[in-house]
Amino acid sequence: MDVMEELAESSEFNESKGPCLAFRQAASVLKSLPSAVRCLGAIQGLPWLGEHTKAVMEEILTFGRSFKVEEIRCDERYQALKLFTSVFGVGPKTAEKWYRRGLRSLKEILTEPNIQLNRMQRAGFLYYSDISKAVSKAEAEALGCIIEETVHWIAPDAVLALTGGFRRGKEYGHDVDFLLTVPEMGKEEGLLLHVIDRLRDQGILLYCDHQGSTFDVSKLPSCRFEDMDHFQKCFLILRLEEGQVEGERGLQRDPGDSRGWRAVRVDLVAPPVDRYAFALLGWTGSKQFGRDLRTFARKERQMLLDNHALYDKTKRNYSYRRLLRRTSLPIWVWSMWSLGREMHKHLPLTDTDTIPTLYIQYIKGSQTPSLGNTFCHEVERRFCRFIKANFLQFYTFWHVLFNI
DNA sequence: CGGCAATACG
DNA sequence: CGTA
DNA sequence: GCCG
């Protein structure tokens, strides 16, 4: 239900963090259902759908629209903030600042002389029409080929993996995320900078925000929580040529656009192999799923999960648990694939768009929201047992699931 | 009524 | 503050 | 706003 996302967004602009989260949870539960909700009976017993959200849904089911939602849509402040934050590099604070100055349109911002945009925002405005257009799966795959070719020219044994929404099976996205790694520990050092240089040489690098890593391989044996750091990553805007996209319609573009190319937001992340599983999990998303998983790890298992590792709080020094017995990528991939195949038998997935917040409910064992005919009971039971028995592996099933 | 994921970098 |  |  897009309506829930709108309510969440509105709450976000009002700086009401709690309601915002609640609406997002509700939206995510609704999205994970196999079909659109037709009557209130269908959502009996589902988590995160409380009094307020149900009232809104009832309004929509009976009148086709909701008064409160209509009100928000018409609200001048909501419209302006939504517009401003749609620019890459502009968040709620900046949008609010501009709104308070009386600005209402993007044109007003660009013509206002007293506003200075940072580098990110300048790129955001420069490529606004392209970046705000959806990216198709075909375009994502085309970019994958281009980047893969570039990467292999530098490091033949490097592995590039599509992550983000496209890994979750989405047909469209607002950007394209890739994970890049090398089977040998430490070889990923500096790889990203080489790739960026090559993309620049090819003339397709329109914007680049590179974030280096202070991650030190030599300190790896002491895997203490405090020492953990982030991965090398870069946020790019790339130029995608028309001829490079497979499929009937090729490039997504406006009628009358004769440039023959478009700009696309691309993220590249380069973790060391032994963190690959966690990086993949984190970057595959979705955001809500990550939140749920981390809450579960901390509250129910006394563990801390992030994009780098899973830490066991009950053990000294927060020793982190490796998912890999060896740092060999092929072996890891193989084991994950077999687990994934196993998982797939248990999951009659009907919608891959979003986070199964519901799955988290299953794991907790906090009994079973009645899902109507979403899952048959036998499958439900087996799935629940399987997840409980394979808590660690569960973290990694996510990537495999959508890659079979 | 408190908690709601998480945190480094530019 | 904004990015992921 | 929803949950424990």
Just the rounded figure in Å: distance from P of C:dC1 to CG of A:L117. 17 Å
OP1 or OP2 of C:dA4 versus the side-chain N and O atoms of A:R265: is any pair under 4.0 Å? yes
For D:dC2 versus B:dT7, give the span between their P atoms, rounded off to a whole number of Å. 28 Å
Using a 4.0 Å heavy-atom cut-off across all strands, classify A:G91 as base, sugar-phosphate, or nothing. sugar-phosphate
Tell me the interatomic distance from A:W48, atom CH2, to D:dC3, atom P, rounded to whole angstroms. 6 Å
For A:A27 versus A:M4, what's the shortest heavy-atom pair and its separation? CB-CB, 3.5 Å
What's the closest nucleotide to the A:T53 side chain, out of B:dA5, D:dC2, D:dG1? D:dC2
If a pair satisfies ring-ring contact (aromatic ring centres under 6.0 Å, His included) and one of its residues is in residues 108-136 of chain A, list it, with sequence neighbours excluded. none
What does A:V90 touch in the nucleic acid at a heavy-atom separation under 4.0 angstrom: a base, only the sugar-phosphate, or nothing? sugar-phosphate
In terms of heavy-atom contacts, A:P92 and A:T85 come closest through N-CG2, 3.9 Å
So, for A:L180 and A:P271, which heavy atoms are closest and what is the spacing to 0.1 Å? O-CD, 3.3 Å
Is the phosphate of D:dG1, meaning OP1 or OP2, less than 4.0 Å from a side-chain N or O of A:S16? no
Which part of the nucleic acid does A:E51 contact within heavy-atom distance under 4.0 Å: base, sugar-phosphate only, or nothing? sugar-phosphate
Taking ring-ring contact (aromatic ring centres under 6.0 Å, His included) as the cut-off, I'd like each qualifying pair that reaches into residues 66-91 of chain A, sequence neighbours left out, listed once. A:F13-A:Y78, A:F84-A:W98, A:F88-A:Y207
Quick one: which of C:dA4, C:dT3, D:dG1 gets closest to the side chain of A:H174? C:dA4
From the list D:dG1, C:dA4, C:dC1, which nucleotide is the closest neighbour of the side chain of A:K93? C:dC1
Distance check needed: C:dT3 P versus A:K287 NZ, whole Å only. 10 Å
Of the listed nucleotides (D:dC2, C:dT3, B:dG10), which one gets closest to any side-chain atom of A:D209? B:dG10
Send over the distance from A:K68 NZ to D:dG1 C1', rounded to a whole Å. 11 Å
Can you check the A:Q211 CD to B:dC9 P distance for me, whole Å? 8 Å
Euclidean distance, atom CG of residue A:N307 to atom C1' of C:dT3 [Å, nearest integer]: 13 Å
Can you measure A:W283 atom CH2 to C:dT3 atom C1' for me and round it to whole angstrom units? 9 Å
Quick note, A:P19 side chain, CB onward, closest among C:dA4, D:dG1, D:dC2 is D:dG1
Nearest-Å distance, CG (A:L21) to P (D:dC2)? 11 Å
